[in-house]
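First comes the structure, then the notes that go with it.
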Amino acid sequence: MSVHYQAIVIGTGQAGPPLAKRLTAAGMTVAIIERGLFGGTCVNTGCIPTKAMVASAHAARLASRAAEYGVVMSPPVTVDMKQVKARKDAISGQSNKSVESGLRNLANCTIYQGHARFESANEVSVGDLRLTAGKIFINVGARAVIPSISGLDQVPYLTNSSMMHLDSLPRHLIIVGGSYIGLEFGQMFRRFGSQVTIIETGQRLIAREDEDVSSAILDILQREGIEVRLGTKCKSFARQGDESIVSMDTAGANSEIRGSHVLLAVGRRPNTDDLGLDKAGVAVDAHGYIQVDDQLRTNVPGIWAMGDCNGKGGFTHTSYNDFEIVAANLLDDPLGDQPRKVSDRIPAYALYIDPPLGRAGMNETQARATKRKVLKGLRPMTKVGRAVEKGETLGFMKVLIDADSQRIMGAAILGTGGDEAIHSILDVMYADRPYTVIQRAMHIHPTVSELIPTMLGELRPLQ
Ligand SMILES: Cc1cc2nc3c(=O)[nH]c(=O)nc-3n(C[C@H](O)[C@H](O)[C@H](O)COP(=O)(O)OP(=O)(O)OC[C@H]3O[C@@H](n4cnc5c(N)ncnc54)[C@H](O)[C@@H]3O)c2cc1C
């Protein structure tokens, strides 16, 4: 027997639930299917819990620096990991419940809890049930890559998901992967009190950023006592007693380290391998990402893919933006006169180490590749009053300008408040206005943002 709906949504990540809300509000009957936790990665194992833990780590760090601010505390500062986890669970649990109750209270929306699999282009099975619909929206997200390295199966390794269950302090946390997820976990656990080693195959951390950003971040982490092994490949793993042993190769030189815990943070892969996409005829690329056009339509009419599974973003805000694009084109402007498009969005994201990195648009390498005349503004955080007052002067901000059009091409703010201050630049980029608009705007003192106009007044040609 099959049940017919006007729309089926697979997955309750950042795009599925708001879309279900919009579709039902437009009078459609909707089935939404979730095999795991309501709210998906961001809510349960990604942004929300990790940023709650970053906040605990920040408190630990400030407490350990209290004397610098004239605050007397009895040393040593200790961290109660059970309480850190309880706080994180409460914050993330609240979001998870709110996604679930939001869906349960939606009229004309039926929730199915189980694994969804395509049976054809308009039919999806959940266990023994068959659901059909003319419109199917895929929002199945991604999961941690488990690399194939000899002996890894002998080691009780962790991923971003299992890290969420830790309620005791690892003595020595070895992190494989020096990109966004690895760095956030690395710094927070160092601040909680673990010894931390990060192993990265590349010659620098977060290689998609400019070299000056990578090296400033390396400096920030090393100052806190994190050991970073760059240009290093993990060759094999072994377990001895309660220790995991990692054998490594750094430019031909072999070495090994022993740690109490191993975290794998070497990338994400889309949850598309067990979705029966072949039965629906939906095309994926070589990495399993669902291929979509600029409006997030797959090659099969009536099937859309949103969020991490389409390879177009990889962030909560890109997934939510996918929902906005699909909903607008389907419901607000169904004839497609003014379709919203993925290509209209400007890349923007943050790395939540402390201080954070806020990014918008191009980096220097990308700006150079345009072959346009590029101007660069640069200001160290030591010359930002707000940072000095807060005692957080590590990092810098920089901006790249197209000299002819005066448009901002990109910016990076690595420094206190960088995740927020970047938005004044991002919004002017969206407005497609010249950088002089920011330069002439009166900003509030004392803030990090107030120095953005000053930086824009000191532009030099990009070397
Ligand atoms: C540690 C970590 C930190 C992060 N921090 C940030 C951050 O600070 N900022 C940011 O913007 N992004 C961050 N991200 C990325 C962000 O979490 C994701 O990009 C975001 O959650 C978007 O996910 P989504 O909507 O594509 O799907 P997801 O949230 O992954 O949800 C997909 C859902 O689909 C369900 N599902 C999968 N397959 C099936 C199936 N066959 N049947 C039924 N249900 C299925 C899953 O159970 C899941 O609930 C972080 C990620 C990680 C791992």
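Atoms within a ligand are numbered from 1 in the order they appear, just like the ligands themselves. Values in this document were obtained by computation on a predicted structure and should not be read as measured data.
Heavy atoms of Ala116 found under 4.0 angstrom from ligand 1 belong to the backbone as well as the side chain. When heavy-atom distances to ligand 1 are checked against a 4.0 Å cut-off, Tyr352 comes that close only through its side chain, counted from C-beta outward. In Asp274, neither the side chain nor the backbone holds a heavy atom less than 4.0 Å from any atom of ligand 1. Within the 4.0 Å heavy-atom criterion, the part of Thr45 lying near ligand 1 is the backbone and not the side chain.
Each of the atoms 24 (P), 25 (O), 26 (O), 27 (O), 32 (C), 33 (C), 34 (O) of ligand 1 lies under 4.0 Å from some heavy atom of Asn139. Listed by number with element, the atoms of ligand 1 under 4.0 Å from a non-hydrogen atom of Ile33 are 43 (C), 44 (N). Those atoms of ligand 1 that come under 4.0 Å of a heavy atom in Leu275, given as number and element, are 41 (N). Listed by atom number, the atoms of ligand 1 under 4.0 Å from Ser319 heavy atoms are 22 (C), 24 (P), 25 (O), 26 (O). Shown in contact with Gly114 at under 4.0 Å from a heavy atom are these atoms of ligand 1, numbered in order with element: 42 (N), 43 (C). Ligand-side atoms of ligand 1 in range of Gly307: 26 (O), range being under 4.0 angstrom from any heavy atom. For ligand 1 and Gly40, the ligand atoms under 4.0 Å from any heavy atom of the residue are 29 (O), 31 (O), 48 (C), 49 (O). If you number the atoms of ligand 1 from 1 as listed, the ones under 4.0 Å from a heavy atom of Thr50 come out as 1 (C), 3 (C).
Within 6.0 Å of atom CZ in Arg239, more than 12 heavy atoms from other residues, nucleotides or ligands are found, so the atom counts as buried in its surroundings. Within a 6.0 Å radius of CG in Asp128, other residues, nucleotides and ligands contribute 12 heavy atoms or fewer. Open room surrounds NZ on Lys233; 12 or fewer heavy atoms of other groups in view lie less than 6.0 Å from it. Around the CD atom of Gln222, the shell of radius 6.0 Å holds more than 12 heavy atoms that belong to other residues, nucleotides or ligands.
Ring pair Tyr349/Phe315 is parallel by interplanar angle, where below 30° counts as parallel and above 60° as perpendicular. Using cut-offs of 30° and 60° for the angle between ring planes, the Tyr5 and Tyr112 rings count as perpendicular.
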Original post:
Where do His58 and Tyr352 land on the side-chain contact (heavy atoms from CB on, under 4.5 Å) test, with the steps shown first?
Top reply: CA-CA 11 Å; His58 180 67; Tyr352 290 92; over 6 Å; no

**OP:** Would you please test Thr12 and Ile111 for side-chain contact (heavy atoms from CB on, under 4.5 Å) and show each step?
**Re:** CA-CA 10 Å; Thr12 66; Ile111 297 173; over 6 Å; no

**OP:** Quick one: do Asn108 and Thr24 satisfy side-chain hydrogen bond (donor to acceptor under 3.5 Å, both in side chains)? Show the steps, please.
**Re:** CA-CA 6 Å; Asn108 291 325; Thr24 52; over 6 Å; no

**OP:** Applying side-chain contact (heavy atoms from CB on, under 4.5 Å), run through Phe192 and Val84 and close with a yes or a no.
**Re:** CA-CA 9 Å; Phe192 293 149; Val84 169; 3.8 Å; yes

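Rounding to the nearest 0.5 Å gives a distance of 8.5 Å between CG of Asp344 and OH of Tyr430.
Checking Asn160, Asn96, Thr316, Asn271 against atom 53 (C) of ligand 1, the nearest heavy atom belongs to Asn160. Evaluated by nearest non-hydrogen atom to atom 52 (C) of ligand 1, the leading choice among Gly46, Pro49, Pro356, Gly11 is Gly46. Comparing Arg35, Lys51, Gln14 by heavy-atom distance to atom 38 (N) of ligand 1, the nearest is Arg35.
For atom 37 (C) of ligand 1, the closest non-hydrogen atom on the protein side is Val140 O, 3.2 Å. For atom 27 (O) of ligand 1, the closest heavy atom belonging to the protein is Gly141 CA, 3.4 Å. Closest to atom 31 (O) of ligand 1 among all protein heavy atoms lies Gly13 CA, 3.3 Å. The protein heavy atom nearest to atom 30 (O) of ligand 1 is Thr41 OG1, 2.5 Å. Of the protein's non-hydrogen atoms, Cys42 N, 3.1 Å is the one closest to atom 21 (O) of ligand 1. In this structure, the protein non-hydrogen atom closest to atom 9 (N) of ligand 1 is Cys47 SG, 3.8 Å. Of the protein's non-hydrogen atoms, the one nearest atom 47 (O) of ligand 1 is Glu34 OE2, 2.5 Å. Regarding atom 15 (C) of ligand 1, its nearest protein heavy-atom neighbour is Gly314 O, 3.6 Å.
The closest approach between any non-hydrogen atom of Arg268 and ligand 1 is below 4.0 Å. Residue-ligand proximity: Ala265 is placed with every non-hydrogen atom at 4.0 Å or more from ligand 1.
In the model, Ser125 has a side-chain atom that pairs as donor or acceptor with a side-chain atom of Glu119 under 3.5 Å. Counting only N and O atoms by type, the side chains of His4 and Thr132 include a donor and acceptor under 3.5 Å apart. Side-chain atoms of Arg340 and Asn329 form no donor-acceptor pair, as typed in the model, at a separation below 3.5 Å.
For ligand 1, one of its N or O atoms has an N or O atom of Asp308 under 3.5 Å away. Polar contact with ligand 1: present for Phe315 (N/O pair, distance under 3.5 Å). Considering backbone and side-chain atoms together, His317 places an N or O closer than 3.5 Å to an N or O of ligand 1.
At distances below 3.5 Å, at least one donor-acceptor pair connects side-chain atoms of His317 with backbone N or O atoms of Ala348.
Test Leu357, Ile217, Leu414, Leu351 against Glu209 for side-chain contact (heavy atoms from CB on, under 4.5 Å) and you get one pass: Leu357.
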